[in-house]
Structure formats: C-alpha cells, structure tokens
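Start at 1 with the first residue, then count along the sequence. Quick caveat: nothing in here was measured; it's all calculated off a predicted structure.
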Amino acid sequence: MKLSTQIILAFTLIILLSAADSYSNYMLSLKVNQNSQFLSKSEAVIRNSNKTHRAILQMQSAVRGYLLTNDTTYLAPYYSGIQKVPDFFVEQHTLIDSNTIQASILDSISILHAEWLSYTSKLIRARRENSKTYQYLLDNKLKMHIGKNINDSITKKFKSFERIEYKTRAHHSEMLLHSLSKTRTYSLVFLSLTIFVGICSTSYIVIMITKRINSMVRVADTISKGRFTIVQDFKNDELSALASSLNIMSRRLEKNIQELENKNEELNKFAYVVSHDLKAPLRGIYNVISWIEEDLSNELSPALKDYLDIIPQRTQRMEALINGLLDYARINRKTNPELVDTNALVREITQSIVPREFKLDVNNLPEIFTERLKLEQVFSNLISNAVKYSKPEKPHIEIKCEKIGNVYEFSVKDNGIGIDPEYHQRIFEIFQTLREKNEMESTGIGLAIVKKIIDEQGETIHVQSKIGQGTEFTFTWRNTKAV
C-alpha cells in the first residue's frame, strides 16, 4: 500500500471519528434542547396551575366573606376571578396540549368550578334579594356542605394535576441529566479515540518512514565507504522507488568501480613494467659514458667532457623519476592492517633519512591499528620533504600527534625555506617541484604519493607555510580497529 494511501486512510478514520462525535453530540443536543424546553414549559404549567388555584381559592374566600358580612366589597376578588379564571384554563390547555390525562383533569376542574359558580351565584342573588330563598338554600345546601365538597374536589383535582406534572417534570429532568452525561461521555470517548488513532497512525507512519529512510542512509553510508550493499525493501510505495533507485545506483557504482579498479590495476602494472624496463637502458647509457671516460679520456676535449658529465646527472634524475613512478604505482597494493607503534615507526624512518645535525622532536606518537606500509610511505615522504627543503643553519623538524575522537591528527613541521601560498595546492600534483629540474632529489612525486594515499584512506591533508617561515603538513589518520 502506498504511503499516500495510508496517510489518506488515517486522516479519513480521524475525520469519520470526528463526524461521529459531531453527529452524536448533535443528536444528544436535540434531546437536551427538548428536555430543556419541556422543563421550561412545565415551570409555566405549574406556575399557571398555582395561579389558577389561587384565584379560585380567593373567589371562595370572597364568597364566604360576603355571606358572613353581607358586605359587597368582599366580592371584588370573586368577580375578578370570573373574568380571569376562564383565561387561565385556556392558557393551561395550550401549555399541556400533548398530555390527555392532564387535559381531562383540567376539564373536570373547569366543570366543578362552573358548578360552584352556579351554586354561589344563587346564594349571592338570594342574599341580596330574597331572605326566604337564601334561608332555604342555607338550610338545604350550604349546611349540607355542597359548596365545600365542590371546593374540596377542585383542590384534589389540582393536586392530582400537579402531581402528574411534577412526576413528568422529574422524568424529563432525569432525561436531561442523562443526556448531558452521555454528551460528556461520548465526547470524551470520541476525543480519546481520535487522539489514540491520530497518535498511533502518525507514530506508525513516522516510525516506518524513519526506519526505511535510516536503512537507505546506512546503505548510502556503506556505499560511500566502498561497500556496495543494497536495501531490502519489499513494500510497494513511494519509498520503494527511492530504494530501487539506490539499489540500481549501488550495483552500477560497484560495477563501474570494479571496472575502474581493474583498469587502474592494469595501468599500475603497465607503469610498473615500463618503469622497471626503463632502468636497463639507463644503466646501459650510464655504463657507456663511464667506459668512454675511462678508455678515451685522453682524446676528449674539455667541452665534450663537460657534456659527458651532464649525462650521468640526467640519467640519475631519470632513474629517480622512474623509482618515484614505481612507488606511485605500488600505492594501491593492499596490506593487512596491524598494530603499529607510530613512535617506533617514525624513529626508524628518521634514523635513515634525517642527518645528525638536525634537531628532531618526536612527541609521544600513539599506537594505532592500520596498514603499516601506507602510513610509512606518508611519513617517509613528508620527513624527506622536510629534510630536502631545510635551512643549512639550525635545521629543526618536529613531529607530533593530537587525538580528536577516533581520528588522529599528525603533523610534520620544519623551519625550512617555506612555500609560497600560491603553490599550496600545486605541490600535491605529480612532477610538481619547487626546485630546479636538474636537481636529482626533487622529482615532484613524493607529495603526490602522500596525497594519493591520504585520499584513498578517506583522510585529509593540508599545508601551512610562508616563504622563509618553515612548513607544517597536517594530516588525519583513522584507527581502523575502532571503526
């Protein structure tokens, strides 16, 4: 599966979880809204019920007060109630339109209230107009508690109405709290799932990509060190194309470098053979000149003798160049690494190269695991170079080392004639020399050999020098056993 598809699937899952969370919250919010609206309406129902009941009770009290005192001022709440109570019933019917039980109770209250109004209107009229009729009603109805029974029935009906309302209200309050609790629970669950899925999918993709990229980086690093491995990648995604390209590059580099090494080996063999074969004609020329000088010395003119003296110098320089080429050709030969005491190695080299009049300082050089021959070639050429270009007065050579991590930084410093900064790069090119071409010692190959060895080891070398202020060559060398 492609990486883009995996990322899209992860985001799709997160979006679906978010959508499910939003949908559940929306549905629960509808229930919360419905329950909240019902509770708000229920509060209005209870308030209206209390208001209606209180108005009816005030009417009852007004009638009793009038009947006891015959004072018409007591009837003001009664007549006010006649006007208001019907509106209260209508309003209450509107508020409880969906509850048939409460509507039935409210209708029965309205009927009882109408009966009570009919009964009280007769009493009030008789109290005003006809004492005999009033006395009759008093004896036959009032004393029989007809009005009281009606009022008690109305009170019971109101209590029953309100009991139903409070019960329904409690149910909706519980539903409201339950909806709020579910909303919080669902939100927490979906949020946790979203975070969990997001973290897991992100971690999986990041770890997978990082792991595969790291494997490619390791392969690229091994390729840079000359070990041409490949990436084992069996997935079919965008990184697979990169891994495939890296594998193709590794195989091609391995093939090209193998071909290059074969060609270099052939060239080195050719250079070695040619250089070796050139020595025989040079020896022949040198021997012929020696024979001429020995056998015909009396017959030679002074000018011819001078010319004959130049030829051995030229042949010796030619032989030095050939020997340098042989050394240059032998650089690529591999030897097994071994533990090398560089302090002892440098002492051996200096004893055979450095004259006794030189002041030599060798400062605590380390033991390292490396190819002895190549390190010996580097030190030999650098120390020989320091001797060649030394000053006749108080010549001094200093060799020291500093460890930086797993890398050793060696330096060979002299107080010789120095090198102009404009030649600092050219001196490492083959056959480049700062001395006259006719001087035997200066072949221009020594530093080229040093540079080639340093480059093949993957190390660095640089020079610090000015005219008349000496020269310091600094190069790095790695302890191969610690890698």
Side-chain angles (χ1 to χ4, degrees), residues 28-68 74-127 137-181:
L28 289 171
S29 67
L30 291 179
K31 291 183 179 180
V32 169
N33 188 47
Q34 290 173 357
N35 289 315
S36 298
Q37 287 181 352
F38 178 85
L39 291 175
S40 178
K41 185 186 288 187
S42 176
E43 186 177 350
V45 168
I46 293 171
R47 189 166 52 246
N48 190 67
S49 176
N50 291 332
K51 181 172 62 176
T52 305
H53 194 193
R54 188 167 55 251
I56 291 174
L57 291 175
Q58 288 176 352
M59 292 174 69
Q60 292 171 1
S61 298
V63 170
R64 284 195 295 269
Y66 171 69
L67 293 178
L68 290 173
Y74 282 98
L75 294 175
Y78 174 78
Y79 291 117
S80 175
I82 291 174
Q83 299 294 325
K84 293 180 179 179
V85 169
D87 294 335
F88 293 160
F89 281 120
V90 172
E91 182 180 355
Q92 195 72 311
H93 269 293
T94 303
L95 292 173
I96 62 165
D97 56 350
S98 61
N99 195 320
T100 56
I101 297 174
Q102 285 182 307
S104 176
I105 294 172
L106 193 61
D107 289 339
S108 63
I109 293 173
S110 179
I111 292 170
L112 289 172
H113 181 63
E115 289 179 5
W116 182 80
L117 286 177
S118 175
Y119 165 71
T120 54
S121 64
K122 291 177 182 180
L123 284 175
I124 292 170
R125 192 180 309 111
R127 180 77 166 122
L137 293 173
L138 186 65
D139 294 336
N140 291 283
K141 291 188 177 183
L142 189 62
K143 288 182 179 181
M144 293 176 66
H145 305 293
I146 293 175
K148 182 179 179 302
N149 291 336
I150 294 173
N151 291 333
D152 289 345
S153 297
I154 289 174
T155 299
K156 288 180 181 179
K157 294 289 183 181
F158 268 112
K159 287 181 180 180
S160 177
F161 178 89
E162 291 176 359
R163 187 165 53 251
I164 293 171
E165 185 63 33
Y166 276 117
K167 185 177 179 180
T168 308
R169 179 183 176 87
H171 172 72
H172 281 278
S173 295
E174 185 179 350
M175 291 296 293
L176 175 61
L177 293 175
H178 182 64
S179 297
L180 291 172
S181 177

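More than 12 heavy atoms of other residues, nucleotides or ligands lie within 6.0 Å of CZ in Phe89, so this atom counts as buried by the packing criterion. Applying the 6.0 Å contact sphere to CD1 of Ile101 captures no more than 12 heavy atoms from other residues, nucleotides or ligands.
One distance of note links CD1 of Ile109 with CD of Gln92; it measures 8.5 Å at 0.5 Å rounding. Note that CD of Gln58 is 14.5 Å distant from OH of Tyr78, once rounded to the nearest 0.5 Å. Atom CG of Leu75 is separated from atom CD1 of Ile82 by 9.0 Å, given to the nearest 0.5 angstrom. Between the NZ atom in Lys84 and the CD atom in Glu91 there is a gap of 12.5 Å [rounded to 0.5 Å]. Atom-to-atom distance recorded for Ser118:OG and His113:NE2 is 11.5 Å, nearest 0.5 angstrom. The distance from atom CG of Leu112 to atom CG of Asp107, rounded to the nearest 0.5 Å, is 11.0 Å.
No donor-acceptor distance shorter than 3.5 angstrom exists from the side chain of Ser40 to the backbone of Ser36, with no hydrogens or angles considered. Side chain of Ser181 to backbone of Leu177: no donor-acceptor contact under 3.5 angstrom is found. Under the 3.5 Å distance criterion, the side-chain polar atoms of Asn50 are matched with a main-chain donor or acceptor of Ile46.
The side-chain contact (heavy atoms from CB on, under 4.5 Å) search around Ala103 returns His93, Ile96, not counting sequence neighbours. Annotation: side-chain contact (heavy atoms from CB on, under 4.5 Å) contacts of His53 (sequence neighbours excluded): Leu57, Thr155, Phe158. Residues passing the side-chain contact (heavy atoms from CB on, under 4.5 Å) test with Leu180, sequence neighbours excluded: Val32, Leu176, Arg184.
Residues Lys167 and His171 have side chains not in contact (no heavy-atom distance under 4.5 Å, counting atoms from C-beta outward). Within the 4.5 Å cutoff, the side chain of Leu106 has no heavy atoms near those of the Phe88 side chain. Looking at Trp116 and Val63, their side chains come closer than 4.5 Å, going by heavy atoms from C-beta outward. Side-chain contact between Arg169 and Glu43 is present, with heavy atoms from C-beta onward closer than 4.5 Å.
Across all their heavy atoms, Ser49 and Glu162 have their closest contact at OG-OE2, 2.9 Å. Scanning both residues, Glu165 and Ser42, for their nearest heavy atoms gives OE2-OG, 2.7 Å.
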